[in-house]
Amino acid sequence: MKLYSTNNKSLSVDFETAVFNSLPADKGLYMPSVFPQIDKDLIANWDKKTFPEIALDIAYTLLKDDISKEALKAIVDEAIDFDAPLNQLERGLYILELFHGPSLAFKDFGARFMSRIMAHFLKRQKREITILVATSGDTGGAVALGFLNVEGIKVTILYPKGKVSPIQELQLTTNGNNIEAIAIDGTFDDCQALVKKAFHDEDLNKKLNLTSANSINISRLIPQMFYYANTYSKLKNKYKNLIFATPSGNFGNIAAGMMAHKMGLPITRFIAATNSNDIVPEYLETGIYTARPSVQTLANAMDVGNPSNFVRILDMFDHDLGKLKTKLSGYAYTDEEIRSAINYVYKTNTYLVCPHTATGCLAVASDKLIHTDIEVDETAYIVLATAHPCKFPDVFDELRIHIDEPEKVKELYNKENKSLDMNNSFNDFKAYLMK
Ligand SMILES: *Cc1c(COP(=O)(O)O)cnc(C)c1O
C-alpha cells in the first residue's frame, strides 16, 4: 500500500514508513493513495466466515504488497483474539459490543494490531523505538496493555490528571516495565499539543526514535474496519440498509468505517455522535469548522476540541460538504441527555450502556426523526458500544444502577499507581525526555 499526505497528494510512502512516522513531516495525515476494492465474491461469502477470517480478507486486500499472507494471518489471529458480539435490542436496532478486549474498550483493536505490526517490522530493522501517546482516557489503557513487555519498544503515555476515570487510570499507570505514564496538569488538548510538538522536535527524534500510537496512526485504523465488515456479514441477509452510529471524539473509529465503505463495504450511512464537543455536527450543519478548547463531559474519552482524524474524512470526500452529507450525519448531546439515555435504555431493554455509547443511542433516535424517509423494515441501526460501562462508575452511582465488574478489573485495585506528575510546559517535558 502506498500512502500520501492529506496536505500533499504527490507524496508517496510505503506502509512501514507510514506506521513508524505516524505523521508526515507536512503535518497532514497519511491516507492510502488508492483504496483497493475488496473482492465482491469474498464479501458475498462473508456470512460463512469467522471474524478473524473476514479481518484477514480486509487486511490482505490493503497490505498484500507489504506483509506476506502467512505473517498477516498470524498478526490478525493474535491481535483479534476476542469477539465483537452484536446485541439486538429490538428489530432494526443493534449494539455492537467492542469492549471485550483487555482494556474493555474498542481501542484494544487498534492497539493490539499496531503493536504486532510494529513488532513484525522491528524484527527486521533491529532498532528500538519510543512510543509517545496522549490519551483522554481509553487510548492509554489500550496502548499500555497492547504493548506491555513488547521488546524494543518503550511507551510513554500522557494523560490529563484527574480527568480520566479510576479504572482507566489504573489500566495505564500500574504496568511498569516498558510502560511509563505521566499525569499532566491540564486538558487532553494540552497532552496532545505536547505530543505533537515532541514529534516535530529534532533533538527528541534523534535521541528516542519517537513513534505515535494515537488514532492518527494508520495501523490503528485498519483493524477498526474489521468489525464494521463483520457486522455487515451478520446482517446483510436480514436488512437492505445498514446505518452505523459511532460515538466520536478524535473521529478515528468512524473514519475507519468510512474507509471500509470506500473499499467497497456496502454501508448506507454513518452517524457521528458527539458529546457537547460538537465541532463536527456544527460543521455539517453550518459548513464552518471551528476548533476550540475541549469541554469536560461524562463521555470523557470524546472530550476533543479539534478532532485529528476528521481531515481524513474530508479527504475521502474531496472536502465537498454536499457529498459528505449524503453519507455522514452528526448529532451532539449534553450530559443531561446522556444520563437520561442511559436510564432509558436500561429501563426499556435492561441493557447498560456507557456514556459514550449513550450518545450513539441518542443519535439513532434523532436520526429517525430527521430521516423520515427510511424504509423501517429494511433498515438496521447499529450503535457501536465503545467501552464497558464499568469504566465510568460515577454515572451509574448517580443513577443508582449497579454494575458488575469483570474479573480483570477487580485485579487492578491491588496494584500500585506508578505515574509521574508534570505541568503542561513543553520545555519541562522535553528536558525530562532528554535526561
Ligand atoms: C476513544 C473513544 C471514543 C472516540 O473514538 P474516536 O476514534 O477518537 O472518535 C469513544 N468512546 C470511547 C469509550 C473511547 O475510548
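Excluded from the calculations below are hydrogen atoms, water molecules and symmetry mates; all remaining heavy atoms, backbone and side chain alike, are included.
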Intermediate values then yes/no, ring-ring contact (aromatic ring centres under 6.0 Å, His included), Phe392 and His356 = CA-CA 10 Å; Phe392 310 92; His356 311 81; 4.6 Å; yes
Going through the checks in order, is the side-chain contact (heavy atoms from CB on, under 4.5 Å) test met by Arg220 and Val143?
-> CA-CA 11 Å; Arg220 288 234 336 225; Val143 170; 4.2 Å; yes
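For Glu53, there are no salt bridge (charged side-chain N to carboxylate O under 4.0 Å, His left out) partners, not counting sequence neighbours. Listed by chain and residue number, nothing satisfies the salt bridge (charged side-chain N to carboxylate O under 4.0 Å, His left out) test with Arg127 (two or more places apart in sequence, or in another chain). Residues forming a side chain to side chain contact (heavy atoms under 4.5 Å, CB included) with Asn149 (at least two apart in sequence, or on another chain): Asn177, Asn178. Legend: residues meeting side chain to side chain contact (heavy atoms under 4.5 Å, CB included) with Ala25, ordered by chain and number and at least two apart, are absent. Not counting sequence neighbours, Asp65 has no partner by the salt bridge (charged side-chain N to carboxylate O under 4.0 Å, His left out) test. Here Ser115 pairs with Phe147 under the side chain to side chain contact (heavy atoms under 4.5 Å, CB included) rule; sequence neighbours left out. For Thr326, there are no side chain to side chain contact (heavy atoms under 4.5 Å, CB included) partners, not counting sequence neighbours. Residues forming a ring-ring contact (aromatic ring centres under 6.0 Å, His included) with Phe15 (at least two apart in sequence, or on another chain): none. Every ring-ring contact (aromatic ring centres under 6.0 Å, His included) that Phe109 has, sequence neighbours left out, goes to Phe82, Tyr227. Qualifying salt bridge (charged side-chain N to carboxylate O under 4.0 Å, His left out) partners for Arg312, counting only residues two or more places apart in sequence or in other chains: none.
Annotation: side chain of Leu122 is in contact with side chain of Ile153 (closest heavy-atom distance under 4.5 Å). Residues Asn306 and Ile279 fail the side-chain proximity criterion, which asks for heavy atoms closer than 4.5 Å. Using a 4.5 Å cut-off on side-chain heavy atoms (C-beta onward), Leu132 and Leu204 make no contact. Counting only heavy atoms from C-beta outward, the side chains of Val280 and Pro307 approach each other to under 4.5 Å.
Classification of Lys154 and Glu128 as a salt-bridged pair fails, no side-chain N sitting under 4.0 Å from a carboxylate O. The residues Asp303 and Lys163 are annotated as not salt-bridged, no charged nitrogen and carboxylate oxygen being separated by less than 4.0 angstrom.
The ring-ring contact (aromatic ring centres under 6.0 Å, His included) contacts involving residues 177-225 comprise nothing, where partners must be two or more places apart or lie in separate chains. Sorted by first and then second residue, the salt bridge (charged side-chain N to carboxylate O under 4.0 Å, His left out) pairs involving residues 183-205 (not counting sequence neighbours) are Asp201-Lys430, Asp203-Lys430.
Side chains of Tyr333 and Ser366: a donor-acceptor N/O pair is present below 3.5 angstrom, by distance only. Under the 3.5 Å distance criterion, with hydrogens and angles disregarded, no donor-acceptor pair is assigned to the side chains of Thr156 and Tyr432. Side-chain N/O atoms of Ser219 and Asn217 include a donor and acceptor closer than 3.5 Å. Inspection of the Ser5 and Asp26 side chains reveals an N or O donor paired with an N or O acceptor under 3.5 Å.
One finds the OG1 atom of Thr135 at 7.5 Å from the CD1 atom of Ile157 (value rounded to the nearest 0.5 Å). With values rounded to the nearest 0.5 angstrom, Asp335 atom CG is found 3.5 Å from Leu298 atom CG. In this structure, Ile271 CD1 and Tyr381 OH are separated by 5.5 Å, a value rounded to the nearest 0.5 Å. To the nearest 0.5 Å, atom SG of residue Cys354 and atom NE2 of residue His388 are 10.0 Å apart.
Pairing each heavy atom of Gln37 with each of Phe35, the nearest pair is NE2-O, 3.1 Å. Here the closest heavy-atom approach between residue Ile75 and residue Arg116 is recorded as CG2-CB, 3.9 Å. Pairing each heavy atom of Met114 with each of Ala213, the nearest pair is CE-CB, 3.2 Å. Shown here for Thr274 and Ser248, the closest heavy-atom pair between the two residues is CG2-O, 3.9 Å. Closest approach of Leu362 and Ala341 over heavy atoms only: CG-CB, 3.6 Å.
With hydrogens and angles disregarded, a donor-acceptor distance shorter than 3.5 Å links the side chain of Asn275 to the backbone of Ala299.
Of the options Trp46, Phe106, Phe113, a ring-ring contact (aromatic ring centres under 6.0 Å, His included) to Phe226 is made by Phe113 and by none of the others.
Aromatic ring pairs are classed by plane angle as parallel below 30°, tilted from 30° to 60° and perpendicular above 60°; the pair Phe310 and Tyr289 is parallel.
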